[in-house]
Amino acid sequence: MSYYLAPSLKQLRDEIDAAHPGRDKKSDGWIGDASHSARKSDHNPDYSAGGVVRAIDVDISDIDVNKLMAVLKNDSRVNYFIYNYSIYGASSFAKRRYTGSNPHTQHIHVSIKHSKSAERAGAWGYSGGSVKPVASKPKPVSKPKPAKAKGTDENRSIQTALKTMGLKVGVIDGVNGPMQKAAVKAFQKHHNLVQDGNWGPVTQKAFTLNKAVQKALRDEGYTKQIVDGYYGDQTAANVRDYQRRVGLAVDGLAGPKTLKKLGVK
Ligand SMILES: [Zn+2]
């Protein structure tokens, strides 16, 4: 009696061959060898059904195994397949450990269902490239970034100075945006300056003078004095303490006499 490979599997093999011309077929097979024929195997012709062979082995050397497995999982003709110590079958091709003697690391074994419809030829879609990969994430679509305003080093240093004072400036980007303006305004408000939000000469002068006072206080031994250019509570307290020590009117403000005494010009 003659035997034949199920047309569906023949077509699958043809699609794989077409997608990978000249592929390595060393581990290919379909008709049962001696070890197969000794036991029940889909590689053995089913003579009760006209001699159909319902399994093929495909060498994995040159093929896209993941793509093929995705194709197999999508096709109702497939009963199960075995690859790399794993058998995929039963409900929705769940992966289970395959404990047979051949680990199937060189080939993938494909068995179709024992039905006439499973034998029928029909496109698998392996060569078509229309198969959805089973477990690959969709590629993130990269949006074109909006053109960024270019920052300047000057603004970057202003932002850094404001941040050091504890004022909110957001990201140090060198762009004179709403956050920088708000922080400059807060600085100006605290120092009784015109609140225009621009780091102009007057603001810069107050900042520089504050730093000089703070540095002088540090030199006088006020170790808690931070030199950040912001005339805050600590600076005022230290100035008061200094004024008391040196016999000046104690007001906590760095007026001309205090500045002169501190050696700040
Ligand atoms: Zn096999």
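Counting starts at 1 for both ligands and their atoms, in listed order.
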Check: residues 245-257 side-chain donor-acceptor pairs under 3.5 Å, at least two apart:
unit_1: Arg245; atom_1: NH1; unit_2: Tyr222; atom_2: OH; d: 3.0
unit_1: Arg245; atom_1: NH2; unit_2: Glu220; atom_2: OE1; d: 3.4
unit_1: Asp251; atom_1: OD1; unit_2: Gln243; atom_2: NE2; d: 2.9
unit_1: Asp251; atom_1: OD1; unit_2: Leu253; atom_2: N; d: 2.9

Once ring pair (Phe, Tyr, Trp, His ring centres under 6.0 Å) is applied, do any residues pair with Tyr230, and if so which ones, sequence neighbours excluded?
His190, His191

Would you say the Zn ion (ligand 1) has Asp42 as a near neighbour, meaning an N/O/S atom of that residue under 2.8 Å away?
no

Here's a test for you: under ring pair (Phe, Tyr, Trp, His ring centres under 6.0 Å), which of Tyr98, Tyr83, Tyr88 qualifies with His104?
Tyr98

Measure from the Zn ion (ligand 1) to every N/O/S atom of Asp57 and report the name of the nearest one.
OD1

Would you call Asp196 and Lys185 a salt bridge, using N to O less than 4.0 angstrom?
no

May I have the angle between His109 ND1 and His43 NE2 with its vertex at the Zn ion (ligand 1), rounded to 10°?
90°

